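Within every chain, numbering begins at 1; the chains are lettered A, B, ... in the order of the sequence lines, protein sequences first and strands thereafter. Values below: every heavy atom of this structure, side chains too, minus hydrogens, waters and symmetry copies. Computed from a predicted model, the values in this text were never measured in an experiment.
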6 protein chains.
Amino acid sequence: MVRINGSKLGNSTGFVLFSGNSNRQLSESIAKHLGIPLGRMDVGKFPNGEARVEILESVRGKHAFVIQSTCPPVNDSLMELLLVIDALKRSSAGTITAVIPYFGYSKQDKKKSGREPISAKLVANMLAVAGADRLVTIDLHTPQIEGFFDIPVDNLSTLKLIADYVAGKKMDNLVIVAPDAGGVKRARHLANILEARLAIIDKYRRYYREADAMNVVGKVQGMDALIIDDFIDTGSSIVEAVKALKNHEAKRIFVACTHPIHTDPATQRLKDADCEEVIVTDTIPLAKEKMLDRITVLSVAGMLAETIKKIYSGESLSYLFHQHK
Amino acid sequence: MVRINGSKLGNSTGFVLFSGNSNRQLSESIAKHLGIPLGRMDVGKFPNGEARVEILESVRGKHAFVIQSTCPPVNDSLMELLLVIDALKRSSAGTITAVIPYFGYSKQDKKKSGREPISAKLVANMLAVAGADRLVTIDLHTPQIEGFFDIPVDNLSTLKLIADYVAGKKMDNLVIVAPDAGGVKRARHLANILEARLAIIDKYRRYYREADAMNVVGKVQGMDALIIDDFIDTGSSIVEAVKALKNHEAKRIFVACTHPIHTDPATQRLKDADCEEVIVTDTIPLAKEKMLDRITVLSVAGMLAETIKKIYSGESLSYLFHQHK
Amino acid sequence: MVRINGSKLGNSTGFVLFSGNSNRQLSESIAKHLGIPLGRMDVGKFPNGEARVEILESVRGKHAFVIQSTCPPVNDSLMELLLVIDALKRSSAGTITAVIPYFGYSKQDKKKSGREPISAKLVANMLAVAGADRLVTIDLHTPQIEGFFDIPVDNLSTLKLIADYVAGKKMDNLVIVAPDAGGVKRARHLANILEARLAIIDKYRRYYREADAMNVVGKVQGMDALIIDDFIDTGSSIVEAVKALKNHEAKRIFVACTHPIHTDPATQRLKDADCEEVIVTDTIPLAKEKMLDRITVLSVAGMLAETIKKIYSGESLSYLFHQHK
Amino acid sequence: MVRINGSKLGNSTGFVLFSGNSNRQLSESIAKHLGIPLGRMDVGKFPNGEARVEILESVRGKHAFVIQSTCPPVNDSLMELLLVIDALKRSSAGTITAVIPYFGYSKQDKKKSGREPISAKLVANMLAVAGADRLVTIDLHTPQIEGFFDIPVDNLSTLKLIADYVAGKKMDNLVIVAPDAGGVKRARHLANILEARLAIIDKYRRYYREADAMNVVGKVQGMDALIIDDFIDTGSSIVEAVKALKNHEAKRIFVACTHPIHTDPATQRLKDADCEEVIVTDTIPLAKEKMLDRITVLSVAGMLAETIKKIYSGESLSYLFHQHK
Amino acid sequence: MVRINGSKLGNSTGFVLFSGNSNRQLSESIAKHLGIPLGRMDVGKFPNGEARVEILESVRGKHAFVIQSTCPPVNDSLMELLLVIDALKRSSAGTITAVIPYFGYSKQDKKKSGREPISAKLVANMLAVAGADRLVTIDLHTPQIEGFFDIPVDNLSTLKLIADYVAGKKMDNLVIVAPDAGGVKRARHLANILEARLAIIDKYRRYYREADAMNVVGKVQGMDALIIDDFIDTGSSIVEAVKALKNHEAKRIFVACTHPIHTDPATQRLKDADCEEVIVTDTIPLAKEKMLDRITVLSVAGMLAETIKKIYSGESLSYLFHQHK
Amino acid sequence: MVRINGSKLGNSTGFVLFSGNSNRQLSESIAKHLGIPLGRMDVGKFPNGEARVEILESVRGKHAFVIQSTCPPVNDSLMELLLVIDALKRSSAGTITAVIPYFGYSKQDKKKSGREPISAKLVANMLAVAGADRLVTIDLHTPQIEGFFDIPVDNLSTLKLIADYVAGKKMDNLVIVAPDAGGVKRARHLANILEARLAIIDKYRRYYREADAMNVVGKVQGMDALIIDDFIDTGSSIVEAVKALKNHEAKRIFVACTHPIHTDPATQRLKDADCEEVIVTDTIPLAKEKMLDRITVLSVAGMLAETIKKIYSGESLSYLFHQHK
C-alpha cells in the first residue's frame, strides 16, 4: 500500500511530461507552453479492452507529470491513468504528479441515501494506492474532496480566467447566478471579483403538494445574467436556469462552466437555449459536433504549465487556487 | 496502522457502553433508554494535564460503544476519546464504535487559504489509527466528511426531531431561513418537511466598495421565520441573521441549531437577540449560566439509544439519517 | 486504507448475494442453486458514464457476496464491482466476498519490458483498498496472482468439470495439448486426470533467421487432440494450434478453455477452424451471435454456489481448487 | 499489508491449536490441559533450509492459536511461526493468536549506540504483517514492548508461579536480588509478594579508573538470597551475581529465571556456581545434557491453557498478567 | 495514511524553522543560534478552543522543522503540533521534522494494569499519521519509546550538559542518586561520566505489613548527593528523595532534572526542600512565579540548533545522543 | 508500517555499499568494480543466535545499498538483511536498496495445496515493512514475484552472460533443454539468443498407472545439449534430465544454472553425472569442497556494479533485465 520511492538518487533532476489519451490536445498545448516535448509512451487498449501502457524512455529518478482528465469514457480514462502511474512507479520515477484537469466522479462526493458508495473517495484511494505523490486538478466539485487525499492537492480555480474574459465584455449591470444551492459560494466569489450582484435559482418545490418550480431568489429583471457552475453534464439544470431567468425578465443571459462534459442531449439543449454565449474551458475536449458557435473555449493550458513549472522549481502557487472558497 | 481485531472469539456477544467526561448527562440518558448501566471506567486527568484512562471491567470480545462529544475543551475531549479507544483495543474489545454526538473540528473540513490543515481529516485519521471500527455522529458540518473515513459512518440527522417540535407549534405562515450559502441545503430540506418557504441570508458585500450588508434573498415580510443551522458557536452569524430578518419585517423569529457550542459571547448575544425561542439539542451540555429561558433543549438520547440497539442487532438504520441531503 | 469491519455485531448471521451487470445470467443461476433471491441493488450508469450504485436492502452485519466477472467492457465491470464493494463497506456489511469468475487483467501479471505496469497487481490493490475481505475466482492466469493479495483467495479450477465432460466422450487415444510454454502445467495436470498423453505447441522460431513456425513437440499423429487453455481472447493462438495439429496429422481436434472472452475476430476464427468442438464455461456470457453450434458451454454455477455455501458455513473447500498446479 | 479477515462466517466457532517445532513438549502439555489434540500440520524444512508448512485440516472460520517459542535457532523458529501464520491467514482462519512463550529478540528493544536496529520492533512489525491478530507471551524483557504492537498483547507473568514455589520452601530470612539495574522492578515486585528484602547488584565500575567490580547494594550477609531475572542466556551475569553475593556472605543462594536460553557455556557455569537451586520454566525446552540436577523446571502449560480458554470464551485475564510492573 | 512526499522537486533545498506556541522562547533561541528568523505562521485558537493554523510563507519543497514541546496544556500543545504538520504536508513541504524537546505522555509508555492505553504509542502513531518524517527529542522517559516509531528518531541526552555544569562545581566526594528503580541506568551513566558513586532510593515497603519507607540503597553519609531524573512533575518523588538522603546524613543535596513540568504543588515543594540547587533545562518554559532562586536553567538551544544543522547537512549526530543507555 | 524517509536533506548525495555475511566475496568484488570500499558495519550473531548489527559510519542522507543473498542458512541471511535495513532506516539513510543476488524462498511463490503459505510474498512484505525502498535481484524464479512488491524491482537476467560464455565454445549443433514445464520460457529465450533448437523434459507419468518416466519432448539425438535452469538445489531434477538426455542419445551435455544452492547431495550427484560442464554464477558462494573441476563460475559482480552505478546516477537499466520473458 505504501510506496517509498527509492529513486531520488543521483543528480538527475529533470522532469518529464506524459499524456494519457483522454485530452491529448490540452497536454500538447501545455507541453508547448513549457517548451518541451511530451514523454514517449505507448498507451492504448488491447483488443479485449484492457488498457495497455509502455513507457518508451527512461524516467529513472525524474519528476513525472501525467496529464489525464478522467472525462468520458470515465472508467477507461481513470484506469489508463492508474496504469501509467503504476508503470512510472515500477520504472523508478522520482516523483509522480497526477494532473487531472477534470476529476471524474467528483460529484459523487457524499452518500445521498443510506447505502451508496462515496465514489470520489474510492477514486482518491485508488490514486494513492497506485502511487501518485501529488495531485493537480481544477475546480473540484466541492473543496472537501481535497480532504479525501493525504497527498498534497493543488486545486486550481478558473474563476479569474472567466472573470478576465467576462470583464472584457464590459457589462456593468451584471448579476451572477448560482444555478442551485450548492453553487452559491462559487457565484458569490465571482460576484465579488466582478463587483456584481448575486441571484440564486431555487429549484425545489415551494410547497410539498405543488409541482416543481424554478424560483429565482434575488433580482434579475432587466439585468445581464451570468450563470456560473463547475460543469455542464446533460445541461438540464443550466437550461432550466436559463428559462427561469428569462421568465423573470433577465436581459441577456450568459453561461460559464469550467468542465464541458456535454453528455447527450446537452448539445441540443444548449443550441435551443435562449442564451448569448456559453463559456467553457478545455479541461475536457469538445468533439467537433459539440462545438456550437455560441460556445467559447478558454484554455487552462497556460495555468497548468505555470503550475507544473512552479511545482518543479519549488515556488509558491497560492495565488493560483482556492479562489472561490 | 492496522488493527485486526482478534477478539471475535467465543460466544460473548454482549455490548458495553462507556462514557467520556465531555457529556456524561447524555451518556446516562442513553444508558437509561437502553436499560443498562454505563460500563465502569476511570477516566480523568493526571495533575499535569495528561488524560488518564483505566477500564474497570472486562471487555474481552464485547462490542464497545464510547460516547464522547468532542466539544470544548475540544482537544481534551478528543484526546480522552482516543485513549479510551486505545485502551479498549488493547483490552481486546470485540468492536469499538465511537459515538460522537458533536464532532469537533468539523468546520475545518477544507483549506480556505493555500497553506492550512484540513483538521477534520486529521481527526478522522486519528480515530482510525486509534482503533475505531465505526462512527456514529449527528449533523456533520458537511456530508463530505463521511468520505474522510474508510470505516462505516452513521451520520444521523436532527431535522425530523426539530420538525416534529416545530410542527407542534402550528405556525402555518412559516419561512425557513439559511443563515448563509453553506446552509441552503439543510434549510431546503427542512422547508420540504414542514411545507414552508425558503429564504437565504447573503452576508457578502453587494458591491466591492460597499460595506458589508446582510441581504435577505427571498420574501420574509410578515412571516414567522425559523433560522436553521448546524451549530451556534459565538452566535454572531445567528444574531446578524435575526437582525436582517427583523430589518426585512419578519414577524416572529425562531432559531434552531443542533449543536449549542455557545462560546462567549454567544449567551449574551442570544439574550439580546430579538427572537422568540432558540431550539438546540443536548449533543453538547449547556452549563447552567448558559441556560437562558428562551432556550429549548431537545434530547438526542432516544435517537442514539435506538441507533446503538439497531447496530448491535444488525437492523437497518436508514430511516434515521441523511435526511437533509 | 484499512477497513476494520465494525459490523460483526449481534446475532445477524445471514448472507446476501449481489450481482453486478457483467454476467447476470450466471449470478441468477448461482442464486437458484442456493435457493435464495439476488439482493436488491440498483446498479447502472449515469448518462455521463460514471457507474452508479444504490443498495436497496439492509446489509448491516450480513455476509455479502458480490458476483461480477471483470470481463469486457473490463474497466466498466471493474469500477462497478469496486463501487458495490465500497457501498457495502459503508453500509456496514459484515464481510464482503468478491466472487470474480473471470478476473480481467490477469494476463498482465508481470512486466514484459522494462517499463510497464503490473496491472493485475494494481487491480488486486484496488480490490483491497475498496474493502474486499476475500476473493473467490476461477482459473487465474497464473497461480502466483494469489500472492498479489493479502486477503484469502479461493482460486477454483474447472479442470475436473472439463475432464468429466470429456471423459463422457470415451476418447481413449487422447493427447492433451498445451498451446504454448505457459500452459504446459495445466495440460500436464489434465493429462494426468484423463490418463492421456501430452504435447506442446512451440510457437517460437527454431532458428533466428527463419520465419515463425508452429512446432509440435510430442506425438499427435492419428490421435484425438484436446487443446486446453485458460481463455480464448482473439483466438489466434488457438487456431494456430489447431492448424499445427492438423499439419501433424492429428485425427479429431477439440478445444477447451475456461473463459470465452471471444474478442473479435475470435468468432469468425473459431467458425473457420478445423476442429470438432469448443468447450467453454459461463464465467463470461456469450452473446447470441457468438454462440456457434460447435461451442459447448459448461456451467460453473454449481461449483460457485457450493463454494459460497461452504465459505458461509465454514467447511473445507480444498477439494475444489488448485487442481492444476 | 492489511488483512481483513473474511472468515468470520457461519456458525463455526471452534478453535484449533497448532504447534511449531521449537517447543513441542510444551504445546502437547497445553493441549492435554485443554483436553484437545494439536491440529494436524506438516511443518519442517526443505533440504535447502527453507521452512515448509502445510496445514492438514480445515481451519476455515476457526480461531487458531499457534504455539511457538522463538528460542534458538531463533531465526528458524521465527520464520516457521510467520509462515504458519501466513498459511492460516490464506486458509481463512477466523482469528490467529500467536502464543510465543519466549519472545526472542526481546532484549534488543532499544538502540544502545546511534546506528542499530530496534530488532524487537522489527519482529513485532513482521508478526503484524504476516497476519497475527493477537499475541500471548510471557515475561517480555520490558513491558514497553507491548507498545511495539497495535494488536492486543497478553503479557503473562511467572512471578506468582515462582513465588508459590519459593513460598513452599519456607525461607523467612530471604532477600530478593536484582542482578542489574534493569531488573530492580521485577525484584521489587517479587519481594513484595514474598514479604522479603531487596538487594541490587551494581556491576559498573565505582570509579572510572578502577577495574570492574560487582557491588552489592543492600544487605545480604547471613541471609538466603534469591536472584530473579527474566532469562539466563550465557549465564555470565547470573554467576557473577552469585559470586558477589558469596563475597558479601549471603547464606544460601537460589536463582530463578523464566526463560532458560542456556547458551553455551551457561550449563558449565551453572554447574560450577555456588548456588543451591536454579528455578526455570518450560517456555524453552532444555536439552537433556543441560538438565542439571540443581535445575527445577516449573511448567507454564497450565497458565497458557487457562489463558487460551479464557480468550476463547471471552473471560477476563487481568489477574494473570502485569504482576511485576 | 500514507504520505508520499511529492515535493522533493527542483533545486529548492532551503530549510525553514517553525514554532508552535508551547515554548516560543526556546524556538527563538534556536533560531538565533542558527542565524535565521522563525518561519511566518499564524497559529492560535478559535474562540471555541479549536487550534487554528495558517502558514504565511511558501514551504514548497523546503525542509521544515517544527519546534513544539508537548508540555502542559499537553493536549492543546499536541494538537497544535499535529495541525502544523498536516498544514506543512498539504503545503508540499519537502520533509517535516518534529522537534519535540519535551515529549508529553512519555511516562505512559506501558500498561500498568490490564486495561489501559499505551498513550505514548498512540501519540507516536498520531505523529506518523499526521505526516512527520522524523523526530528530534530529548531524554525520552525510556529509550524503548524510539521503537514506537517507524520513522528515524534522534533522542538527544542532556547528561553531558548537566555533567559539564556539575563538573564546574568541583565536588569530589559526590554520589549520584537515582530516585527510584527506573532511574538507575541514567544515574549509573552520569556517575560514570563524573567518576562518582551511585546510590538508589528504594521507596517500596521492606515488609508487607510495614508502612511505606524510603530506603537508601548505597552509602551517602557525609557526601554531596546529586539526584538525577528525567523530569520533575509534582515534585513528590524528588522531595521524598531529598528527605531520605537527609535522614541518611548526606551533606549537601543537588537535584538535576531535564524537564521542569513543575505541576502544582511542585514549586512550593521545591521551595521547602532541603536542597542546595535544582538544575533543569529550558525544554519546558518556566513561568516567572515558578522561577525560584535555587533553580538553575541550562539551555538546550545550542544542542538543538546543532542537531538541526547537522540533519540538514547530513552530518553524523551520534556523539549527541544515547549517552545514558 | 510506513517509512517516510526524512533524510533527503542537504547536499549529501553520496552512496554507501554494505554487505551482509552471506556472500562477502561477491560484495567485495562489486565494491572493487565500483572503486569504493565497503561501508563499515559490524554484523554477526550474539552467542544465542540472534543477529546483531551496528553500522560504524554515518549514513545520514546517503543512498545505501545492502548486498545480501538470502542463501542458506536462509533464515539467518534474511534476518540479517532485515536488521541491516532497519538499522539504516533508523540511522536516517537517504534511500535503502536491497541487492539480493539470490532471492531465497522464491520457489514458494504459490500455494500448491489448499493450505500453504505463499512464502515469497511474506518475504516481500517483510522487506517492505523493514524499510527497503527498492530491490535489485537476479533471475527470480518467476517474473510474477515482481508483482509481490509495491516498490521498484530491478530483476536482472544472466542469460546474456551465459549465452556469451556458451557462444565462446562455438557449438553449432546445439539444443537448449528445459528440465521441466516451468522452465520452457527461459530455455526458449536462450535458444533464441543462441539460435539453437529447443527440447523439454517432461517428467510426469505418461499414463496414470505407469511408473514415473523422463520423457524428452523434442529431438536431441546426436546433438550437444545445454540444460538451462534458474538454480541447482539438491540437483535431482538436473541429473535426471542429464540421464534422460543420455538415454535419448544426446552427444555432449552441459548444464547452466544461475544460482548454485548445491544442497546435499547435489555435489555428489553433479560429480557422478554424465555431463561435460556445469556453468553457474557467484550469486551464492560455493564452499571449496563443492568446487568440482567441472564447475565454471561466471561472475555477476560487473553486472551488479553497473546496475548500482546506474541507479545512483539515474540512467536507464532496461537493457540489463527481463531478457527471458
- prompt: Can you name the nearest heavy-atom pair linking Glu50(D) to Tyr105(F), along with the distance?
  reply: OE2-N, 2.7 Å
Contacting moiety of Leu82(F), where chain D heavy atoms sit under 4.5 Å: both
message: With a 4.5 angstrom heavy-atom cut-off, is it the side chain or the backbone of Glu80(F) that approaches chain D, or both, or neither?
response: neither
query: Which heavy atom of Glu57(F) sits nearest a heavy atom of Arg115(D), and at what distance?
result: O-NE, 3.1 Å
message: Looking at Lys271(F), I'd like to know if its NZ atom is crowded, meaning that more than 12 non-hydrogen atoms belonging to other residues, nucleotides or ligands lie closer than 6.0 Å.
response: no
- request: Name the region of Pro47(F), side chain, backbone, both or neither, that has any atom closer than 4.5 Å to a heavy atom of chain D.
  value: both
- request: Output yes when a side-chain donor or acceptor of Asp86(D) lies under 3.5 Å from a complementary backbone atom of Ile118(F), and no otherwise.
  value: yes
query: Is a side-chain donor or acceptor of Arg90(D) paired with a backbone partner of Glu116(F) at a separation under 3.5 angstrom?
result: no
query: Which residues in residues 38-46 of chain D have a heavy atom less than 4.5 Å from any heavy atom of chain F?
result: Phe46(D)
Spatial distance of atom NE2 (His262(F)) from atom CG (Asn48(D)) [nearest 0.5 Å]: 12.5 Å
field: Per-residue contact mode, Lys107(F) against chain D (heavy atom under 4.5 angstrom)
entry: neither
task: Please look at Ala51(F) and chain D and tell me whether the side chain, the backbone, both or neither of the residue comes under 4.5 angstrom of a heavy atom of that chain.
output: both
task: Examine whether an atom of Asp233(F) lies under 4.5 Å from a heavy atom of chain D, and if so say whether it belongs to the side chain, the backbone or both; otherwise answer neither.
output: side chain
task: Against chain D, label Val53(F) side chain, backbone, both or neither, depending on which of its atoms sit under 4.5 Å from a heavy atom there.
output: both
- request: Check whether any side-chain heavy atom of Val123(F) sits under 4.5 Å from a side-chain heavy atom of Met79(D), and report yes or no.
  value: yes
message: Could you measure the distance from the CZ atom of Arg52(D) to the OG atom of Ser119(F)? Nearest 0.5 Å is fine.
response: 11.0 Å
query: Less than 4.5 Å apart, any side-chain heavy atom of Leu83(D) and any of Leu122(F)?
result: yes
